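What follows is a single structure, written as C-alpha cells, with notes after it.
It should be emphasised that the depicted structure is a prediction, and the values quoted were computed from it without experimental measurement. Note that these values count all heavy atoms, side chains included, but never hydrogens, waters or copies made by symmetry.
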Amino acid sequence: LALISAVKAAGIEIAEHRNVAELVAVDGRAAGAVAWNSETKEFEAFLAENTVFATGGPGGLYASSVYPAGHWGGIGLALKIGAMAQNLPESQFGLASTRFRWNVSGTYMQVLPRFVSTAADGVSDPREFLLDHYRDSNAMNSMIFLKGYQWPFDVRKVPDGSSVIDLLVHEETVGKGRRVFLDFRSNTAGLDFARLSDEARVYLEKSGACFGTPTERLEKMNPGAIELYADHRIDIRRDMLEIAVCAQHNNGGLAGNIWYESVNVPHLFPIGEVNGSHGVTRPGGSALNAGQVGGFRAAEFIAARYRESTLDFAKAEAEAETLRADLVRRLSGKRDWQSDRRELQERMTASAGHLRSKDTLDEAADAARNLLDAMYSEGYPAADADHAVTNFHLAFASWVYLEAISFQAASGAGSRGSAAVLDAAGLVVPENPAFRAKVLETAAGPQGLTVRWTPCRPLPETDGWFETVWADYRNGTVYGK
C-alpha cells in the first residue's frame, strides 16, 4: 500500500483491470505492450520508450505451487519477442501448504509435527509414512527438525540428508495418489528429546521447547506462525495442514546487463525474480539485488541514457495493431482454457519439477509445443479472453522451459540445486562440476529456439580508485558510451 501511495503521489497513472497479452517490439527493441481491458472488453496498446518488466516468477507454470494464487508471472511475453534467457532450468522447490500457499519452513518443522498420509479422501487410512523409511522415530524427528532451515529440496541432501523427506512426500502424493498433512496436535509415538540429534536437542532446549505437543511448542517459539494460518481460516490447533512439494522460485530468468537491461532487446528492463541472476542455489541477497537494486539501477540508467524519445511510434502502432488483430482471431475458438491450463501445469510439475527424468523430457517438450500450436490455431471463446491471454504466454513459457531443461539434462550437467535428474533406472545422475563454469542461454527467434552453453563471465578487475570512479559517475561514462 505504501508503494502504491508513493506512485499515486508522483502523479503516475495506474492502469487497473488490464492483463498484458503481448509485448510490442519493433526494430529489435521493446516498444510497449498490448493488454486486455477486462472492463471495456477490448485490447489496448501501451506504447513506451522503455518497458520495465517486473512480472515476478512463473507462478502459473506448475500445478503444485507456493506462488500466491492469482500470480501467473509473464516471462513468456518477453521470451516470445526473443529476449535472451539464462539458466531457466534452475528453480527452487520445497514443502508448502496447499490450501493457503505458504512455505512450511522454520519453526513449522522445528517443532516436529507428525507427517500423515491419507487416502485421496483426506480422511481414511491415515499413516505416519516417514516411519516406513526411518524406522527410528527420533532419527526421523531429527531430520524433520533440519527441514526448518534446510527448507528447499537440495540434491546435495539426498540420499542421507533432510531432502529425503521431500522425496517421500512426493512419492505419497504423486506416486501413490495420496494426500499428505502435517499434524501439530500430537507427537510421534516414542519422541524422546534426549535422543534427538545434538543440533535439534540443543536448539529446542535453548528455546525452552522440550515439552508438550507440536502446537504447544509452536505457541512457545513462534505464535505468529499459528496466527498466520488463523488469518486464512485454518486452525492448525484443531485440523491437520495439507502440504505438497511445490515450486517456489525460478532462479533463472531473463538475461540482463549490469543496468538490468535485456542483453539483446534494448529498452526492456527485466527486474525482480524474472531477472535470471539468482544462481543455481539462490544465495542470500540475490533477490534483493534483482528486485530493489535492479529497480534503482534500471531507473538510474533510463534517466541518464534513455530520456529522449527514439521510438518510431508509427511502426510501434502498426505492430500493436497486427498483434491486436491476431489476438482477436485467437479469441474466436472453442477450446477449454481450464483444461489447457491444467494440462500444461501438470506436465510442468511431472517433468520439470524437483525430479526430472532424462528419458521423458523431449516428449514433454514436444507435447508442450503441440499444446501451444493448438491454442494458437484453434483459439478460445471471446468470453474467456482474460484467461486465454494468460494461457498463451504460459504455454509459450512452458515450451521454452522444457526445451531448456531437456537440453541441460542431455548435456550431462546432472543434478544440481533443487532438481534431481534421473536416469532410465530412476537413479539420480550426479552433478558434473564442469558446468558450474557455464551459463545456459535460451532465446526464441524466427528460426526456432536456440539453447546453448556459454562460459561464465569473469569477475571484473578494477582498482576502484575513488577519484576515477567519481569522475566516471559525474560525467556519465559509468553508464557506457
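We find that Lys358 and Asp423 are not joined by a salt bridge, their nearest charged nitrogen and carboxylate oxygen being 4.0 Å or further apart. The residues Asp154 and Lys157 are annotated as salt-bridged, a charged nitrogen and a carboxylate oxygen being separated by less than 4.0 angstrom.
Under a 3.5 Å cut-off, the side chain of Arg324 and the backbone N or O of Val34 do not form any donor-acceptor pair. Put simply, the side chain of Ser351 never gets that close to the backbone of Leu361: no donor and acceptor are under 3.5 Å apart. Of the possible polar contacts, none joining the Asn19 side chain to the Trp36 backbone as a donor-acceptor pair under 3.5 Å is found. Counting only distance, with no hydrogens or angles, the side chain of Ser286 and the backbone of Pro283 share a donor-acceptor pair below 3.5 Å. Listed for the Asn275 side chain is no donor-acceptor partner under 3.5 Å among the backbone atoms of Ala290. His354 places no side-chain N or O within donor-acceptor distance of the main-chain N or O of Ser418, the cut-off being under 3.5 Å. Listed for the Ser38 side chain is no donor-acceptor partner under 3.5 Å among the backbone atoms of Arg18. Within the 3.5 Å criterion, the main-chain N or O of Leu268 finds no donor-acceptor partner in the side chain of Thr51. In this structure, the side chain of Ser207 engages the main chain of Tyr203 through a donor-acceptor pair within 3.5 Å. Side chain of Asp384 to backbone of His387: no donor-acceptor contact under 3.5 angstrom is found.
The distance from the NE2 atom of His17 to the CD atom of Glu39 is 4.5 Å, given to the nearest 0.5 Å. Here the straight-line distance linking atom CD of Glu227 with atom CD of Glu219 works out to 9.5 Å at 0.5 Å rounding. Taking NZ from Lys438 and CG from Leu440, the interatomic distance works out to 10.5 Å, rounded to the nearest 0.5 Å. Remark: Tyr260 OH to Ser277 OG distance equals 5.0 Å, nearest 0.5 Å. The distance from the CD1 atom of Ile271 to the CZ atom of Arg297 is 13.0 Å, given to the nearest 0.5 Å. For the atom pair Met140 CE and Leu130 CG, the distance stands at 6.0 Å (nearest 0.5 Å).
Of all heavy-atom pairs spanning Ser65 and Gly59, the tightest one is OG-O, 3.5 Å. Of all heavy-atom pairs between Thr281 and Gln92, the closest is O-OE1, 4.4 Å.
In this structure, a donor-acceptor pair under 3.5 Å is absent between the side chains of Ser105 and Asn103. Inspection of the Tyr62 and Gln248 side chains reveals no N or O donor paired with an N or O acceptor under 3.5 Å. Between Ser357 and Asp359, the side chains place no donor N or O within less than 3.5 Å of an acceptor N or O (distance only, hydrogens not considered).
A side chain to side chain contact (heavy atoms under 4.5 Å, CB included) with Glu90 is found for exactly one of Arg282, His249, Gln408, namely Gln408. A side chain to side chain contact (heavy atoms under 4.5 Å, CB included) with Phe43 holds for exactly one of Asn37, Leu323, Leu331; it is Leu331.
In this structure, Tyr229 and Asp235 have side chains that are not in contact, with every pair of non-hydrogen atoms separated by 4.5 Å or more. Within the 4.5 Å cutoff, the side chain of Ser415 has heavy atoms near those of the Val421 side chain. Leu422 has its side chain out of reach of Val429: every pair of non-hydrogen atoms, C-beta onward, lies at least 4.5 Å apart. Using a 4.5 Å heavy-atom cutoff, the side chains of Phe269 and Phe53 are not in contact. Counting heavy atoms from C-beta outward, Leu371 and Glu343 have side chains that approach closer than 4.5 Å. No side-chain heavy atom of Pro214 sits under 4.5 Å from any side-chain heavy atom of Leu112.
Using the six-membered ring where Trp is involved, Trp399 and Phe396 have ring planes that are perpendicular, over 60° apart on the 30 and 60° scheme. Ring orientation note: the planes of Tyr108 and Phe184 are nearly perpendicular, at an angle over 60° on the 30°/60° scale. Ring pair Phe407/Trp453 is tilted by interplanar angle, where 30° to 60° counts as tilted.
Partners of Tyr401 by side-chain hydrogen bond (donor to acceptor under 3.5 Å, both in side chains), not counting sequence neighbours, listed by chain and number: Asn250. With sequence neighbours left out, Asn391 forms a side-chain hydrogen bond (donor to acceptor under 3.5 Å, both in side chains) with Arg341, Tyr380. Contacts of Asn289 classified as side-chain hydrogen bond (donor to acceptor under 3.5 Å, both in side chains), with partners at least two apart in sequence or in another chain: none. Scanning for side-chain hydrogen bond (donor to acceptor under 3.5 Å, both in side chains) contacts around Glu172 gives Ser117, Lys176, Arg178, with sequence neighbours left out. Shown here are the salt bridge (charged side-chain N to carboxylate O under 4.0 Å, His left out) partners of Asp231, two or more places apart in sequence or in another chain: there are none. With sequence neighbours left out, the salt bridge (charged side-chain N to carboxylate O under 4.0 Å, His left out) criterion links Arg342 to no other residue.
Enclosure of atom CZ in Arg127 by more than 12 non-hydrogen atoms of other residues, nucleotides or ligands within 6.0 angstrom is indicated. Other residues, nucleotides and ligands contribute more than 12 heavy atoms inside 6.0 Å of the CD atom of Glu300. Atom CH2 of Trp102 is surrounded by 12 or fewer heavy atoms from other residues, nucleotides or ligands within 6.0 Å.
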Using side-chain hydrogen bond (donor to acceptor under 3.5 Å, both in side chains), reason through Thr188 and Glu128 one step at a time and then give a plain yes or no.
CA-CA 8 Å; Thr188 300; Glu128 283 194 71; 3.0 Å; yes
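Figure legend: cation-pi geometry between Arg330 and Tyr376, with NZ or CZ positioned under 6.0 Å from the six-membered ring centre and within 45° of its axis.
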